[in-house]
Each structure stands twice: as C-alpha cells, then as structure tokens.
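Working notes, beginning with the structure itself.
Just so it is clear: chains get the letters A, B, ... in the order the sequence lines come, proteins before strands, and each one is counted from 1.
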Protein chains: 2
Amino acid sequence: MGRWEPNGRERLAKAALELYGERGFEQTTVAEIAKRAGLTERTFFRHYADKREVLFAGSGELERLFADAVADVPPSATPLDALAAGLDAVCEMFEERREFAGKRHAVISATAELRERELIKLASLAAALADTLRRRGVPEPVASLTAETGVAVFKVAFERWITADEQRPLVRVARDSLEQLKAVAAGSAPAGVGGGAAPAPTEAQPSA
Amino acid sequence: MGRWEPNGRERLAKAALELYGERGFEQTTVAEIAKRAGLTERTFFRHYADKREVLFAGSGELERLFADAVADVPPSATPLDALAAGLDAVCEMFEERREFAGKRHAVISATAELRERELIKLASLAAALADTLRRRGVPEPVASLTAETGVAVFKVAFERWITADEQRPLVRVARDSLEQLKAVAAGSAPAGVGGGAAPAPTEAQPSA
DNA sequence: ATCTCTGATGTCAGTTACTGTCGTCAACGC
DNA sequence: GCGTTGACGACAGTAACTGACATCAGAGAT
C-alpha cells in the first residue's frame, strides 16, 4: 500500500465532474476539487494542465480510435466511405457510456470556456483525420474538407443522440446524418419548405 | 477635447497585436499592453472581456455580414447556393485587409489559447448561419449541416488564401473549395492517389 | 538488512488574469 | 451655475497557474 490512496487522478476527475455539475464550472475552485478528492491544488495541476482539461482527458483515445478505423479501410474506398467506417467505430465506443456522456455534455454546453476547449479537441480530431486521409493518398484540400465534414457530422449526430427523445443508437443517428449531408451537397434539398422538387434522397427519415 | 487621448479602445487593440507579434501572446502581460496604449490595465478590461478578446472584436460584424447575405438570397435557391452568396460577401470584406489578416492569423495560429477563441467564434458563426437557414425554411439537420459545411469551407479557403504563394483573391479560392467539397460529397474522388478520376477540381471556374 | 533511487505528493512563495469599489474630472444638458 | 454622465485611475482582492524544494513509501541493488 502506498503512502496515499491510489487513483488520485481518477478521483480528481470524478470530483471535478460532480462539482461542475453541482455548482457550475466557474463557481468551482480547483482547491475545492482537490479537497473532495483528498489531495491538494498543486497535485491537481500535476495531473491536468488546467481546470478545463480534467474533462477532456479521454479525447486522445477517441482521436486514435477514429483515425485508426479510417486507416484500416481498404484503399479502394472513397474518402467518404473511409470516414463512415471511422464514424462507426467511434459511435460504438459511446453507446455504453451514454449517462456519463450526458452529464459531461451538460456541463460543457453550459459554459463558454468549456465549449472552447471542446472545439479545439474536435479541431485536433479533424487534423488527425485529415492526416490519415492524406496518408491514404487523398490530396488536399479534399482531405481537410472531408475531415472537417466528418467531425461536423459527428457533432450534429452526437447532439441529437444525447437528447432525451432520441432513442436510436448513436451509430444509427450518425449514419443518417451523413446520408443527409450527402443529399445536401448533391443539391437535392431546395431552400423552400418541403423540398418537393428534390429527387428523393436515399432514405432521408422525416425525423425532424 | 477630452481629458484623455481619444480612441483608447483602438490604441489598446493596436498595442496588443503588436506585442503579441513581438513577444508572443503568453509572454505579453495586459499591463504592458495598457502601458503602450497609454492607459491602465483596468481600462483594458473595461474595453475587452479578456486578454484574447482584443483580437476578436470584429467577429460580430463578420457574422452579421455573412448571415445577412444568406438571408437575402431568393428562396428558390438551394441551401448551398445561399451559402455561396454569403461566402462571397464575407470574402469581399477580407480582400482589402490581407496584411492585417495575415498578422492576426500568424499570432492566433501560434497560440493554442487563441485558436480556442477563434474556434468558438466560428461556431457562433455556424449557429447564426444555421438559424438564418432555418428562417429560410430549411429543416434540421440540414440547416446545421449546411452551416457547418459553410464554415469549414471558409476556414479551408482562408488558410489557403493567407498563404504567401496563393495569388488568387479569396473569393476565388472559396468558390473553388466549395466546388471540391461538392465533388467529394458526390463521391467523385476515390481514395486512391491523385484524384485523377475527379473532374478536374483544381481549376474549377466559378460556375456557381 | 540497509541503501539508494524514484515517484507521487505536500508546502510555500510568487506571478498574472480578472473583478469590485470608489474617486476624479472634463463635457454636456438644463 | 449645477447636477449628471462617461471614461478613466487607484487600490484591494480572488483564484488560476508555476517553480522550487521537502517528504516519505516502495522497489530494486548490494
């Protein structure tokens, strides 16, 4: 047995999520988080670069998962198909953690500072995806555009999935969003309500 | 004449951009910025909410310009065409300020904290665009997807334009990027090297 | 068994971003 | 003239973060 309780890092993360949820991010001091975790402020900053980062420790894992899945798709596939495979892999990871993801998402979307941090993590994800696509031989700017598109689709799908009234699994929502984006880009959705003139996109559910 | 030199706000912005460029963002204190502007630290925070915001004061104007242009497109146009009109309007505004935009961009991309702020401004822009599209009768999630796509295209185009070896006007680069995105989404760009199968996206003339 | 080295933590002092409060003084309207 | 307003300075305070150094259990070497 060590001199201190084990898993200090995890205790800090747990305490932070709790306190951010109870009092809000700005009303919580790092000293309070450390105290709840039975540690000191200085130790908090040894584990997490700043007060926000404690909520984003897992983002590196997500990035690797997504990029690896894209890299593993056969080279004959289009960039968009490779993207779809990555999307599938990432969505699967979230399915089991919906409750945790919900709490975390609520805290983040309540505070501008945390939204900033989330956005830069997503940007980092897009950069990693673009890099992976380039390694597959996809030229610029197609690689970057595809990567940004993939992140946008994930973002939109996640927001819908985390909503209370969305029952489908995340992977289903994501695939649907991707199909809709394809339809938009193909110009099949006129601005006017209804889109009657559109050549019936693949299977666009009138879910909205 | 007032008790103080006029245009304190602008002097602060100028001093900040200079100092961020000379020593870097993190190595510059707010006290130094204020001193160079002939004011005090307290006054800096009266004009700008925080040390980063001084570089993003004009973003509200950009947002209005973009959204208004999208709103003014005839309702018969597709969402993507409306987006293209907004893109044109925004690009025009940048053409005259390339030097300033370059300095600002160099400072921002050198510091993670500033990149975060830029990203949230772009997200705010996307939200405003999505709102405008919904007012045009575009349903969700198409409105959000289209808005995110528009911002992504602008981002990619701006990055290319600000590069020293890019000679074309921003509006040309942006239109080209949009065309390439359409091609990607249409599935015309195989993952295999070269994109030779694609219908020559590189010099796509602004047929839009 | 002792010794040393390592790693996770505590302690403390310091810098700086940011805020609240109050005072000052020119300009402006009456 | 006179009160009000608006922009700023002065000053004190909080809290995020950093650097330097101390402490002490455990692991491995001797």
Side-chain angles (χ1 to χ4, degrees), chain A residues 1-57 107-108 110-118 120-121, chain B residues 1-57 107-108 110-118 120-121:
Chain A
M1 260 178 281
R3 193 167 157 201
W4 295 275
E5 296 294 314
N7 306 114
R9 184 183 170 91
E10 286 68 32
R11 267 156 43 219
L12 285 166
K14 183 169 175 286
L17 181 58
E18 286 172 7
L19 285 166
Y20 293 168
E22 291 168 15
R23 318 183 189 174
F25 174 79
E26 286 160 15
Q27 281 63 49
T28 303
T29 70
V30 174
E32 288 168 342
I33 298 170
K35 189 176 180 184
R36 182 170 292 197
L39 294 167
T40 64
E41 198 179 339
R42 191 66 185 88
T43 298
F44 178 93
F45 288 110
R46 284 204 182 90
H47 284 289
Y48 302 102
D50 58 56
K51 196 184 165 187
R52 300 177 244 172
E53 195 62 19
V54 64
L55 291 180
F56 297 92
V107 169
I108 290 172
T111 305
E113 264 186 281
L114 292 172
R115 267 177 281 143
E116 287 190 350
R117 180 57 52 87
E118 170 144 73
I120 207 171
K121 295 293 184 182
Chain B
M1 262 183 275
R3 195 169 153 199
W4 294 275
E5 296 294 314
N7 305 114
R9 186 182 169 88
E10 285 69 30
R11 266 154 45 217
L12 285 166
K14 182 168 177 287
L17 182 59
E18 287 173 7
L19 284 166
Y20 292 169
E22 291 169 15
R23 319 182 188 175
F25 174 79
E26 286 159 16
Q27 281 63 49
T28 302
T29 70
V30 175
E32 288 168 342
I33 298 169
K35 189 176 179 184
R36 180 170 295 197
L39 295 168
T40 65
E41 198 178 338
R42 191 65 186 87
T43 297
F44 178 93
F45 288 109
R46 284 204 183 90
H47 285 289
Y48 301 102
D50 59 56
K51 196 184 163 186
R52 301 177 243 171
E53 195 63 19
V54 64
L55 291 180
F56 297 91
V107 168
I108 291 172
T111 305
E113 265 186 281
L114 292 172
R115 265 177 282 144
E116 286 190 350
R117 180 57 52 87
E118 170 144 74
I120 207 171
K121 295 294 185 181

* Phosphate contact (D/dC8 OP1 or OP2) by B/His47 side-chain N/O below 4.0 Å -> yes
* What residues, two or more places apart in sequence or in another chain, satisfy ring-ring contact (aromatic ring centres under 6.0 Å, His included) together with A/Phe25? -> A/Tyr20
* Structure fact -> Nucleotide by nucleotide, nucleotides 10-21 of chain C touches protein heavy atoms under 4.0 Å in the pattern (B base, S sugar-phosphate only, - none) BBB----SBBBB
* **Donor-acceptor contact present, side-chain A/Arg23 to main-chain A/Thr28, <3.5 Å** => no
* Please state whether the base of D/dC8 and the side chain of B/Arg3 form at least one donor-acceptor pair under 3.5 Å? => no
* Asked: Can you tell if the side chain of A/Glu116 reaches within under 4.5 Å of the side chain of A/Arg52, non-hydrogen atoms only?
  -> yes
* To do: State, yes or no, whether a side-chain contact exists between A/Arg117 and A/Asp50 at a heavy-atom distance under 4.5 Å.
  => yes
* Partners meeting ring-ring contact (aromatic ring centres under 6.0 Å, His included) with A/Phe45 (sequence neighbours left out) -> none
* **Whole-Å gap separating P (C/dG7) and CZ (A/Arg9)** => 16 Å
* Measure from CG on A/Asn7 to P on C/dA8 and round the result to the nearest Å. => 13 Å
* To do: Using a 4.5 Å cut-off on heavy atoms from C-beta on, say whether the side chain of A/Glu53 contacts that of A/Lys121.
  => yes
